[in-house]
Amino acid sequence: MKFLLNVYLDAVDPDAPAVPHRVRAADDEEFAATVARSGELVDAHVFADPSTNTVVRSRDGALLVSDGPYVGATYATSCYVLGCEDLARAVELAASHPATRLHAVEIRPLMSAAGWEM
């Protein structure tokens with residue numbers, strides 16, 4: 001099965017380091033190397049700083065495009081596609097990511113065009 005792991009940080013968490021992007025990048029590099037060694041890494045991406053985002057909305061037929069971070073208390077920092085035997089293994093891998101100590105790692109099963117890979 002394939003799973004998407006989305007890594008999130010809480011922008012307003014007082015216990016989270018203040019924008020430690022280089023630290024997060026090192027954490028992501030270490031995590032990616034670990035899951036690559038296990039043979040379960042399909043793909044991975046670290047996102048640019050949220051200030052570089054472009055947000056697109058459509059309201060009443062009007063296209064609204066704005067620069068800067070999406071307004072919210074949390075933001076995604078990276079994502080991974082893993083090929084794991086089952087959800088339990090995906091949880092085990094996600095639990096080893098340092099972001100679980102600061103905020104959260106979300107796991108989503110991925111579907112192919114034919115449907116669930118179950």
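Quick caveat, the model's predicted, so the values are computed rather than measured.
Within the 4.5 Å cutoff, the side chain of Asn53 has no heavy atoms near those of the Asp67 side chain. At least one side-chain heavy atom of Leu64 sits under 4.5 Å from a side-chain heavy atom of Arg59. Using a 4.5 Å heavy-atom cutoff, the side chains of Asn6 and Val105 are not in contact. A 4.5 Å side-chain heavy-atom check between Val42 and Phe3 finds every atom pair outside the cut-off.
In this structure, CZ on Arg89 lies 11.5 Å from CD1 on Ile107, to the nearest 0.5 angstrom. Once rounded to the nearest 0.5 Å, the distance linking SG of Cys84 with CD of Glu92 reads 9.0 Å. We find the SG-CZ distance between Cys79 and Arg108 to be 11.5 Å, quoted to the nearest 0.5 Å. Atom-to-atom distance recorded for Leu93:CG and Leu82:CG is 6.0 Å, nearest 0.5 angstrom. Within the model, atoms CE of Met1 and CE of Met111 stand 11.0 Å from one another, a figure rounded to the nearest 0.5 Å. Here the CD atom belonging to Glu40 is positioned 11.0 Å from the OG1 atom belonging to Thr34, to the nearest 0.5 angstrom.
Counting all heavy atoms, side chain and backbone alike, Val7 lies closest to Ala99 at CG1-CB, 3.2 Å. Closest heavy-atom contact between Ser96 and Phe31: OG-CE1, 3.4 Å. In this structure, Ala32 and Leu41 approach most closely via the heavy-atom pair O-CD2, 3.7 Å.
Criterion: ILVMFWY side-chain heavy atoms under 4.5 Å apart, direct or through other members. Under it, Leu110 and Tyr8 are not part of a common hydrophobic cluster.
Scanning for side chain to side chain contact (heavy atoms under 4.5 Å, CB included) contacts around Ser66 gives Val55, Arg57, with sequence neighbours left out.
Panel note: side chain Tyr80, backbone Asp28; a donor-acceptor pair is recorded below 3.5 Å.
Membership of the apolar cluster around Val56 extends to Leu63, Val65, as traced through chained side-chain contacts below 4.5 Å between ILVMFWY residues.
The local environment of CD in Glu106 is crowded, with over 12 non-hydrogen atoms from other residues, nucleotides or ligands closer than 6.0 Å.
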